[in-house]
Structures are given as C-alpha cells and as structure tokens.
Peer 1: 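Got a structure for you, written out below as structure tokens; questions coming shortly.
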Amino acid sequence: MNVCVSAPVGQPHLPPPAITRFAQTLRRRTLAIGVIGPGRVGGALLGQIRAAQARLEREAGLILQLCGVAARKRMWLDCDDPELNARQNGAQTWRPTDLDELAAHVRGDDGRAAVLVDCSASEDVASRYPFWLTAGVHVVTPNKLAGSGPLERWQAIRAACASGARFRCEATVCAGLPVVQTLRDLLDTGDALLDIEGMFSGTLAWLCNRHDGQQPFSALLREAHALGYTEPDPRADLSGADVARKLVILAREAGLSLSLEDVAVESLVPSALAALPLDAFMQHSNELDAPMAALLAKARRAHGVLRHVGRLDRDGHAEVRLKVLPASHAFAHTRLTDNIVQFRSARYCDNPLLVQGPGAGPEVTAAGVFADVLRIAESLAVQ
C-alpha cells in the first residue's frame, strides 16, 4: 500500500526520512552534566552516559555534554581536557577539587541547562544542594544523606526548587526501582496514601532467603560479606539504620516531617557487639546464631517466613524490624537480593501496588540515577 504524506500549505514536500530529521532538529536540547564521585556507581553512570550519548542525540535530539568529573581530591573539566568524555579516568590534565568551581563551570555563563550528579556519600556535598538549586542547577543523587539528614536541610532543598531547578533522588531508595516515582505518581494524581511496607535491604533479603537452618546465620553473614552484598561493616545493614533512612526519604516525599529519630528500629546487632572493632565483631558474629535460630523456629511453628521489613503509615509512624510473615504473603516469594515495596492507597487498597526487583548493585543504581537525569532532560526547552 502506498502512503502519501501531505505537506502543509506553503511548506516543501519532504519524504519521511527528511521529516524525521526536521523534527529532530526542532527538538534539539543540550544538558550540561557534572558528576561528583566517580566510584562504583559514578563510574557505572559515566559508562552508561557514554554508551547512550550518540543514540540519544540521533533519536531524541538530546545532547548530554559531560563538562566535569570531581573525585575527592582532584577534578577534570572539559575546558582543561577536551577528550574528557572519552578518557575520564586517564585524563592528563587535572586540578584540585573545588566543588564551587565545578558547579560554576557546569552551569556556564550562557544560561544553559545544567545538572550536578552527586554519587558520593558525602555530607559536605549534600550540604551544597540548596545553593546549587537556588542558582538554577538541577541536582540528581543516590546519596541518602540529603533526603534523610537534618529536616532543616531537606526543607531548604525543597524551598530552593522554587528557582525552577529540580531535585531528583530515585536511586536513594531501592537503587534503580521506580519507588520514589511511583509514590509521586500516586500523590500527584490525587490518590491518598494509607501505608508503605517493604523489604528495603538487599543484604537482609538475601540473608533471610538463605537462612533455612542448614547453616549458622553467622556463616551466611560471612558469605554475604565475602560476596560484597553487605556494607564493608555488615552492622550497617544489620542495624536497620539504612532502611530507616529510606523510610524517612519516602515519608518526606509524601509530605510528612519525619526524622531518623522518629523511626522505631529493631537492630539485629546485640549491644555487646555494636561497639567492637570490625574484625572483633566478625570473630564474635556466632553470637547472632542462637537468637536467629530461635526466630527461624518461631516462623516455622507459625508456618511462615522471616523477613526484614520497613513500614510507614499515613500518620508518620515508621518501624524497621524482622517479622514473621505468612507463607502466602507477597514478601515470602522474593529471590536473592530482591527489594519489594508495597503501596496501599485509596485506589490500591484491597489489591496493593507492588514494585519488585534487584535493589542493589552499581549498574542498577546508576541506571536509576541516569533515568532521573533523562527526566530532567525531558523538561528542557528546545533550542
């Protein structure tokens, strides 16, 4: 079948490929990017940006211009090293890190759209977000310290967005899973949140899935540590503090003024082990075996499973603890390091909305960060 594409009156008749190129020219946009923290996540992000740049420019008219990369002690700017995008780690020209200088360079003096991506875990970097946002620079981060730190700083970040700059933090909760975006979509469309419940720790998900009584819990913990599933100090996972931070982030996104001290956290680390040096803790981790075996036996008597769960309700009550759940529960069927988050709302009451998938790892975390960058790019005016 022949298809005829009619041109508007007064316009040249263009064949379909030319129309496509014409449309792409009209949609052409540029986003200047600075990346802070080129470690595991930041390095994966840089790789993903490089791999996607040509395709995004060709298919979407979007130019992602990498302008600078800042490590802890040194940084590279594209004005120093024109080949920055091709060889960031091997850049030959570098200068001492100055985050204010980086921000000014990425922003430029021509009013261009700019985003700073913070892949560090630095309080100092997080403290600068309000200033960058006020200056009109977008901020994207997987750094949980801004969203779960002092409430005054969070409020300053929100107030600074009045400049028109955007703050996005999808990867602070469950890596690349669309948890924050799902919450925003529910609330923005007028739904009423009832509660959020989930397995927010990939480490504890793996430990709960593997803890079947065949091996002592401490042996599984050492295995998880050797595989890199845990934080360098596994007590950061076992304490529940990381999950508490994620609940605070979600609470604040929902408009609740929650702080870390408001979350009831049940730590799996006995007080006698909490203060030990890391090596001593690992040597004495067998002290976790008896209490964990007792909890597993309790779950089996109830024909259920052990799961590490965080919960937040609409009134701002939040808790983190190990729970016995029925075998029919959605959380009973997770695999490996899966995160799973359940939203109950006025619309999703009898049949809750679930988001599930891998919630850890540099590649999936970087993908969540990259998705936030692209959401910002979607809002840019055409050139």
Peer 1: Keeping Ser239 on the side-chain end and Ser267 on the backbone end, is there a donor-acceptor pair under 3.5 Å?
Peer 2: no

Peer 1: Run the side-chain contact (heavy atoms from CB on, under 4.5 Å) test against Ala251 and tell me which residues pass, sequence neighbours left out.
Peer 2: Leu256, Leu258, Leu312

Peer 1: Using a distance-only test with no angle check, is there a side-chain donor-acceptor pair under 3.5 angstrom linking Asp185 and Gln181?
Peer 2: yes

Peer 1: With sequence neighbours left out, write down each residue that passes side chain to side chain donor-acceptor pair (under 3.5 Å) with Arg95, or none if nothing qualifies.
Peer 2: Asp80, Glu101

Peer 1: For Arg344 and Leu193, indicate whether the former's side chain and the latter's backbone hold a donor-acceptor pair under 3.5 Å.
Peer 2: no

Peer 1: Less than 3.5 Å apart, any donor N or O on the side chain of Tyr129 or Asp118 sitting next to an acceptor on the other?
Peer 2: yes

Peer 1: Hydrogens and angles aside, do Asp237 and Ser201 bring a side-chain donor and acceptor to less than 3.5 Å of each other?
Peer 2: no

Peer 1: From Leu306 CG over to Leu204 CG, what is the distance, rounded to the nearest 0.5 angstrom?
Peer 2: 11.5 Å

Peer 1: Is there a donor-acceptor contact under 3.5 Å from the side chain of Arg321 to the main chain of Val309?
Peer 2: no

Peer 1: With no hydrogens and no angle check, just 3.5 Å: does a side-chain donor-acceptor pair link Asn286 and Arg222?
Peer 2: no

Peer 1: Whether the Asn339 and Gln356 side chains hold a donor-acceptor pair (N or O, under 3.5 Å, no angle test) is what I'd like checked.
Peer 2: no

Peer 1: Treating Arg235 as the side-chain partner and Ala274 as the backbone partner, does any N or O pair qualify as donor plus acceptor under 3.5 Å?
Peer 2: yes

Peer 1: Between the side chains of Glu123 and Arg153, is the shortest nitrogen-to-carboxylate-oxygen separation below 4.0 Å, so that they form an ion pair?
Peer 2: yes

Peer 1: Does Arg307 use its side chain to pair, donor to acceptor, with the backbone of Ala332 at less than 3.5 Å?
Peer 2: yes

Peer 1: Check the hydrophobic clustering (I, L, V, M, F, W, Y; side-chain heavy atoms under 4.5 Å; chains of links allowed) and say if Leu325 and Leu336 are grouped together.
Peer 2: no

Peer 1: Closer than 3.5 angstrom, by distance alone: can the side chain of Thr172 be matched with the main-chain N or O of Lys144 as a donor-acceptor pair?
Peer 2: no

Peer 1: Determine whether the side chains of Thr189 and Arg347 contain a donor N or O and an acceptor N or O closer than 3.5 Å.
Peer 2: yes

Peer 1: Any side-chain donor-acceptor pair under 3.5 Å between His317 and Asp195?
Peer 2: no

